[in-house]
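Inspection log for the structure reproduced underneath, given as structure tokens.
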2 protein chains.
Amino acid sequence: MSSVAGKITPDVSARDRAAAIELEGFLPYRLNVLATLVSQSLAKVYGDRFGISIPEWRVLATLGQFREKTAREIGLHSHMHKTTVSRAVAALAERNLIARRPNREDMREAFLTMTPKGQAIYLEIVPLARAFAEQLSEGLSRDELQVLDGLISRLMGKVAHLEGGNGIENT
Amino acid sequence: MSSVAGKITPDVSARDRAAAIELEGFLPYRLNVLATLVSQSLAKVYGDRFGISIPEWRVLATLGQFREKTAREIGLHSHMHKTTVSRAVAALAERNLIARRPNREDMREAFLTMTPKGQAIYLEIVPLARAFAEQLSEGLSRDELQVLDGLISRLMGKVAHLEGGNGIENT
DNA sequence: TATTGTTATACTCTATAACTATA
DNA sequence: TATAGTTATAGAGTATAACAATA
């Protein structure tokens, strides 16, 4: 296959080449590159201007959506490990962007809400994030966006049941 | 909006709620969660059994596809920073999975290829990775997969031209 | 005993900057 | 001067384990 006598064909055999994976066409790779590019571009939008990290943004977004949540609930909702949430919450509380209200019925946990200052920053970020998402999907029809959404949901369901799972669920 | 007199309505106003972003429906977030789950599950497949990291897998995949590439070319092809490539290459060379062949016409760079040992591991990983990708997209029709592929390409093109760019291009 | 949350620690991936050796 | 590649260093993001407080 590879070479005959001293021929200069130190090449991968036909069989091996057939067994190769084209990285550019490999779905896990493509998803990863796309998501990384998107995340980093978006993180720049709120990172540069407000000094907010991705986990911090997710905490704010969750509180913006539900007003009040415990750290545990935030982790479940935004797919973050409890230590990641804990540190994001600590950083936001330190900057007085969120506040803790103890749960008198279970003193282990605390309800978290945005302070007015946090709300203000959140309300500044939202239109920027929204604009980013709109620019991103500009050119895609409503139908295409819906299809993409459905595909993402189905892939998410699939991967949750694949192997090691890992799951990013909280411990 | 928020509360009248001492009423117990410490609630986000209707205006603010309308301005909120639903994380679960926010495309950048969804892409990121999906890609993370997929990447980590796949990385487990080759990480656990062969001690190969994601950057190392990308180097192997690139060499499997093209047989011979410089570190710079690998970085361009697989969207990795030159320092990431450099370390992955060093680790693979250390384990004797890839070999360097100096370019006599430009001694700054070297052509990289897999050793037989590297080939062997690569050829073990490929069917696992392929099986993973197939399981992942199981249930999607050929048409749907093609649509997904097209959408990813278009989003990739879009994000490349958005803002800070970042680009993950090599310096 | 189990759970919420914190902290110490470490690992992966990425990135900047400073360097070398070549060109 | 510019480029290929290495190394030191640092920053995110994530994870495990050990812990305190509470249930």
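This one's a predicted model, so the numbers in the text were calculated from it and none came from an experiment. The chains referred to below are lettered A, B, ... by the order of the sequence lines, with proteins before strands, and numbering in each begins at 1.
- In terms of phosphate contacts, Q40(A) brings no side-chain nitrogen or oxygen within less than 4.0 Å of OP1 or OP2 of dA12(D).
- In terms of polar N and O atoms assigned as donor or acceptor, the side chain of R72(A) never comes within less than 3.5 Å of the base of dT4(C) in a complementary pairing.
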Exercise for review: May I have the step-by-step check of side chain to side chain contact (heavy atoms under 4.5 Å, CB included) for E124(B) and R49(B), ending in yes or no?
Suggested key: CA-CA 10 Å; E124(B) 277 193 86; R49(B) 291 181 227 197; over 6 Å; no
Exercise for review: Evaluate the criterion side chain to side chain donor-acceptor pair (under 3.5 Å) for residue pair S153(A) and R30(B); output intermediate values, then yes/no.
Suggested key: CA-CA 9 Å; S153(A) 292; R30(B) 284 169 67 77; 2.8 Å; yes
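- Comparing N32(A) and A110(A), the nucleotide of DNA chain C nearest to each residue sits closer to the 5' end for A110(A).
- Within 3.5 Å, a donor on the side chain of T83(A) pairs with an acceptor on the base of dA15(D), or the reverse.
- Distance, E73(B) CD to dA4(D) P: 10 Å, rounded to whole Å.
- Atoms NZ (K44(B)) and P (dT12(C)) sit 14 Å apart, rounded to a whole Å.
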Practice item. Applying side chain to side chain donor-acceptor pair (under 3.5 Å), run through N96(B) and T115(B) and close with a yes or a no. Key: CA-CA 7 Å; N96(B) 201 31; T115(B) 61; 4.9 Å; no
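- Summary of the strand contacts: R108(A) and A90(A) both lie near DNA chain C, and taking for each the nucleotide with the nearest heavy atom, the more 5' one is attributed to R108(A).
- Taking 4.0 Å as the cut-off between side-chain N and carboxylate O, R154(A) and E144(B) count as a salt-bridged pair.
- As a whole-Å value, the separation of M107(A) CE from dA23(D) P is 7 Å.
- Between R100(A) and dT6(C) there is a side-chain polar atom (N or O) within less than 4.0 angstrom of OP1 or OP2.
- Distances shorter than 4.0 Å separate none of the side-chain N or O atoms of T36(A) from OP1 or OP2 on dT14(C).
- One donor-acceptor pair, N or O on each side, does fall under 3.5 Å between the base of dA8(C) and the side chain of R87(A).
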